[in-house]
Amino acid sequence: MFGLVDANSFYCSVEQVFDPALRGKAVVVGSNNDGCAIARSDQAKKLGVKMGQPLHEIPPHIRRQLHIRSANFGLYGDISGRVVGILRDLFPKVEVYSIDESFVEFPVGNRMEVAHEARSRIERWVGIPNCVGIGPTKTLAKMANKIAKAGAGIVDLADEGVRAAHLARFPVEDVWGVGRKFAARLGAEGIITAGDLVKADSETLRARYGVVLARTQAELQGVACSDLQEAEPDRQQIVCSRSFGREVVELEDVQQAVATFAINACEKLRKRSLQAGGVWVWLNTNPFKPDAPQYHPSKAMSLISASADTREVLRMAQALTRAMYRKGYRYKKAGVGLLDLTAGDSHQGDLFSGVDPRSAKLMEVLDAANRKFGRNAMSFASSAWREKTKPQWSMNQQHLSPAYTQKWSELLRVR
DNA sequence: TCTGGGGTCCTAGGACCC
DNA sequence: TCTGGGGTCCTAGGACCC
């Protein structure tokens, strides 16, 4: 039997853990640059703030009632780890599905009891309110969790009679695997609830919507098509991209942003002991200004041999950027992707140049220094790191909470 | 003034191979 | 009356997830 444990309004709940004055208030966490709402507390939802809604579209009289925080992903990741730790103590198998939800396997025995224990430990020990959904497939556990969010806290759909009653009432667009596009098409065919989807003809569904939705249907029927994935599969690509706080015009500024993203991406790459076979860079002007000249170039290139050396990736990223940059555009966003990832211990040699044995050592020293002395204690000049003035493109984060759990200097003070 | 970031999988079509 | 058959690999686009 599968369970899904999902934190309520996770990012907002984390902010409320460290700032009790926010509890019971309408809290909204904004995306990078404080652009959109990416999490809302119940009170903020009641005020009508929608997921992904641009904050500047919220009417002023509503906005005045909101407590806005800038996204503090380092903090959220840290708290997420503590929640997962509790789950690993209680369940034989745990699949960390996202930063705020995990699938678990229920051992034989009293499920309600274990679910209750998990739920209350997370709430008491970490301070994060959460719900538990239980079902014979992951899709049904997801559905159970959604139903639990309405108030019950824990919902078990193992019983077929109970399940049928819920399926008949559950909107098809809320089913895991049914997005906006599919929901609209299904609706036009008269498939409105999860129960309708269960009863639909499988062959027709497969032909019209593909195997993914056919699998979702099977899962809703109680046939498990997806098992717990305890070990995280190796990444296929690693991407780092940001919208700029301001539009940027000069090549040098664009290059600095791209360099910063490349450095970040390489750090993630080495953390997973992977190496990249290719590098991909793209630039974007501001799509929300359709009257301004638009340009969104994208270019990828293979490295001569797979590498995890930031210097090599930087060289390539800079060359790609130089090749794509055109004067006269106002750039708003850029990104760097690392492609064709392979395990760090396998290596396809290069016939002509060979591998510099000092490269791995140098990267080790770099990473160790940054672990010990803090992020970016040591970096690359091309990112304009350590410049006195903030770079042109840096993010707006006007409402950033402290790194309570990651920096000694920002530790919470209790009077 | 202000509009997120990071992923996955599937499918269709084209190029190319024998 | 009439065009071979069976593959692979790559790319772009579309759907989905958080």
Side-chain angles (χ1 to χ4, degrees), chain A residues 4-7 9-11 28-39 49-60 63 68-74 76-77 80 95-103 138-139 142 145-146 172-186 206-216 219 225-226 229 232-247 261 264-265 268-269 272 277-278 280 282 284-290 292 298-300 302 330 332-341 395-399:
Chain A
L4 179 72
V5 183
D6 188 326
S9 313
F10 181 59
Y11 300 160
V28 170
V29 171
S31 58
N32 285 332
N33 292 314
D34 300 333
C36 299
I38 57 169
V49 180
K50 297 277 179 286
M51 187 65 182
Q53 186 176 12
L55 295 184
H56 69 91
E57 278 179 8
I58 298 172
R63 219 187 140 131
I68 293 172
R69 289 289 175 274
S70 304
N72 189 342
F73 291 113
Y76 309 151
S80 171
E95 173 187 338
V96 178
Y97 178 65
S98 77
I99 194 166
D100 70 334
E101 61 189 293
S102 292
F103 286 104
K138 285 162 94 175
T139 306
K142 270 288 241 190
N145 189 286
K146 193 132 201 170
V172 77
E173 66 260 31
D174 290 345
V175 171
W176 187 41
V178 178
R180 273 221 318 277
K181 296 277 169 81
F182 279 3
R185 280 170 59 193
L186 288 167
R206 218 227 90 125
R208 289 193 191 155
Y209 298 89
V211 288
V212 181
L213 194 68
R215 250 179 253 153
T216 297
E219 287 240 320
C225 302
S226 157
Q229 290 201 310
E232 204 191 335
D234 275 339
R235 289 287 176 81
Q236 298 180 20
Q237 53 173 35
I238 287 175
V239 169
C240 180
S241 81
R242 294 276 179 282
S243 293
F244 305 149
R246 278 187 285 169
E247 290 170 353
F261 305 157
N264 277 347
K268 291 189 210 169
L269 182 74
R272 293 171 182 273
W280 170 40
W282 72 96
N284 262 328
T285 48
N286 190 345
F288 296 102
K289 285 187 179 166
S298 163
K299 235 183 169 79
S302 298
R330 306 181 67 82
K332 182 64 175 147
K333 186 175 181 175
V336 173
L338 303 177
L339 313 170
D340 304 326
L341 305 187
M395 289 190 287
N396 299 322
Q397 292 178 306
Q398 290 184 30
H399 315 283

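So you know, we letter chains A, B, ... as the sequences are listed, proteins then strands, and number each from 1.
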Peer 1: Donor-acceptor pair, distance only, cut-off 3.5 Å: does the side chain of A:Asp100 make one with the backbone of A:Phe10?
Peer 2: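 Checking the backbone N and O of A:Phe10 against the side chain of A:Asp100, no donor-acceptor pair under 3.5 Å is found.
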
Peer 1: Please state how far atom CE in A:Met51 lies from atom P in B:dT3, giving the value in whole angstrom units.
Peer 2: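 It is 17 Å, rounded to the nearest whole Å.
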
Peer 1: From A:Gln53 CD over to A:Ser31 OG, what is the distance, rounded to the nearest 0.5 angstrom?
Peer 2: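 If I round to the nearest 0.5 Å, the distance is 12.0 Å.
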
Peer 1: If you compare every side-chain N and O of A:Lys333 against the phosphate oxygens of B:dT3 (OP1, OP2), does one of them come in below 4.0 Å?
Peer 2: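 So the side chain of A:Lys333 is outside the cut-off, no N or O lying under 4.0 Å from OP1 or OP2 of B:dT3.
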
Peer 1: Taking all atoms of both residues into account, what is the closest heavy-atom pair of A:Ile68 and A:His399, and its distance?
Peer 2: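 Nearest pair, atom of A:Ile68 first, then A:His399: O-CB, 3.2 Å.
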
Peer 1: What string of B, S and - do you get for nucleotides 10-18 of chain C, 5' to 3', if B is base contact, S is sugar-phosphate-only contact and - is no contact with any protein heavy atom under 4.0 Å?
Peer 2: -----SSSS

Peer 1: For A:Trp176 and A:Thr216, test the side chains for any donor-to-acceptor distance below 3.5 angstrom and give the result as yes or no.
Peer 2: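 A:Trp176 vs A:Thr216: no donor-acceptor pair found between side chains.
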
Peer 1: Quickly, which of A:Lys333, A:Lys332, A:Lys289 forms a salt bridge (Lys or Arg N to Asp or Glu O under 4.0 Å) with A:Glu247? Name it, please.
Peer 2: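 Exactly one candidate clears the test, A:Lys289.
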
Peer 1: Give one of base, sugar-phosphate or nothing for A:Leu213, where a contact means two heavy atoms less than 4.0 Å apart.
Peer 2: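 Here A:Leu213 touches no strand at all.
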
Peer 1: For B:dC2 and A:Arg246 - does any side-chain N or O of the residue sit under 4.0 Å from the phosphate oxygens OP1/OP2?
Peer 2: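 Indeed not, no polar side-chain atom of A:Arg246 lies that close.
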
Peer 1: I need the CD-P distance between A:Gln229 and B:dC9, as an integer number of Å.
Peer 2: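 Rounded to the whole Å, the gap is 9 Å.
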
Peer 1: Look at all strands and tell whether A:Arg208 reaches a base, only sugar-phosphate, or nothing, counting heavy atoms closer than 4.0 Å.
Peer 2: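 Counting heavy atoms under 4.0 Å across all strands, no contact is made by A:Arg208.
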
Peer 1: Quick check: does any side chain N or O of A:Glu219 sit under 3.5 Å from a backbone N or O of A:Cys225, one acting as donor and the other as acceptor?
Peer 2: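 Indeed, once roles are kept as given, a pair shorter than 3.5 Å links the two residues.
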
Peer 1: Side chain of A:Arg185, backbone of A:Arg208: donor and acceptor closer than 3.5 Å?
Peer 2: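 Flag set: sc A:Arg185 to bb A:Arg208 pair under 3.5 Å.
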
Peer 1: Measure from CG on A:Asn396 to P on B:dG5 and round the result to the nearest Å.
Peer 2: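 That distance rounds to 12 Å.
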
Peer 1: Select from A:Asp234 and A:Asn286 the residue whose nearest nucleotide in DNA chain B is closer to the 5' end of that strand.
Peer 2: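 It is A:Asn286 whose nearest nucleotide is closer to the 5' end.
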
Peer 1: Testing the basics here: between A:Leu339 and A:Trp280, what is the closest heavy-atom pair and its distance to 0.1 Å?
Peer 2: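 Scanning both residues completely, I find the closest heavy atoms to be CD1-CB, 3.7 Å.
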
Peer 1: In whole angstrom, give the distance that lies between atom CD of A:Gln397 and atom C1' of B:dG5.
Peer 2: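 Result: 13 Å.
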
Peer 1: What distance, rounded to whole Å, do you find between the two C1' atoms, one in B:dG4 and one in C:dC17?
Peer 2: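 Nearest-Å result for B:dG4 against C:dC17 at atom C1': 15 Å.
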
Peer 1: Under 4.0 Å, counting only non-hydrogen atoms across every strand here, what does A:Gln236 touch: a base, just sugar-phosphate, or nothing?
Peer 2: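 Since only primed, P, OP1 and OP2 atoms lie under 4.0 Å of A:Gln236, the category is sugar-phosphate.
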
Peer 1: Below 4.0 angstrom from OP1 or OP2 of B:dG7, is there any side-chain N or O of A:Arg235?
Peer 2: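 Checking A:Arg235 against B:dG7: at least one side-chain N or O falls below 4.0 Å of OP1 or OP2.
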
Peer 1: Which nucleotide in the list B:dG7, B:dG4, B:dC2 gets nearest to the side chain of A:Val239?
Peer 2: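 Selected nucleotide (nearest to the side chain): B:dG7.
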
Peer 1: Dot-bracket for DNA chain C, please, read 5' to 3', with Watson-Crick or G-U wobble pairs under 3.5 Å on both distances, ( ) within the strand, [ ] crossing, | other strand, . unpaired.
Peer 2: ....||||||||||||||

Peer 1: Rounding to an integer number of Å, can you tell me how far A:Phe244 CZ sits from B:dG4 C1'?
Peer 2: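 After rounding, the gap between these two atoms is 14 Å.
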
Peer 1: Looking at every non-hydrogen atom in both residues, tell me the closest pair between A:Ala39 and A:Met51 and how far apart they are.
Peer 2: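 Smallest interatomic distance, heavy atoms only, reads N-SD, 4.5 Å.
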
Peer 1: Would you say A:Ser243 reaches B:dT3's phosphate, i.e. side-chain N/O to OP1/OP2 under 4.0 Å?
Peer 2: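 Result: no.
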
Peer 1: If you count every heavy atom of other residues, nucleotides or ligands that lies below 6.0 Å from A:Lys268 atom NZ, does the total exceed 12?
Peer 2: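 Yes, the 6.0 Å shell around NZ holds more than 12 heavy atoms from other groups.
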
Peer 1: Output the rounded distance in Å from NE2 (A:His399) to P (B:dG4).
Peer 2: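 Answer to the nearest Å: 16 Å.
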
Peer 1: Expressed in angstrom and rounded to an integer, what is the separation of A:Lys332 atom NZ from B:dG4 atom P?
Peer 2: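 Nearest whole value for this atom pair: 8 Å.
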
Peer 1: Quick check on DNA chain B: between A:Lys268 and A:Arg63, whose nearest nucleotide comes earlier from the 5' end?
Peer 2: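 Looking at the nearest nucleotide for each, A:Arg63 comes out on the 5' side.
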
Peer 1: Rounded to whole angstrom units, what separation is found between the CE atom of A:Met395 and the C1' atom of B:dC2?
Peer 2: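 About 16 Å, once rounded to whole Å.
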
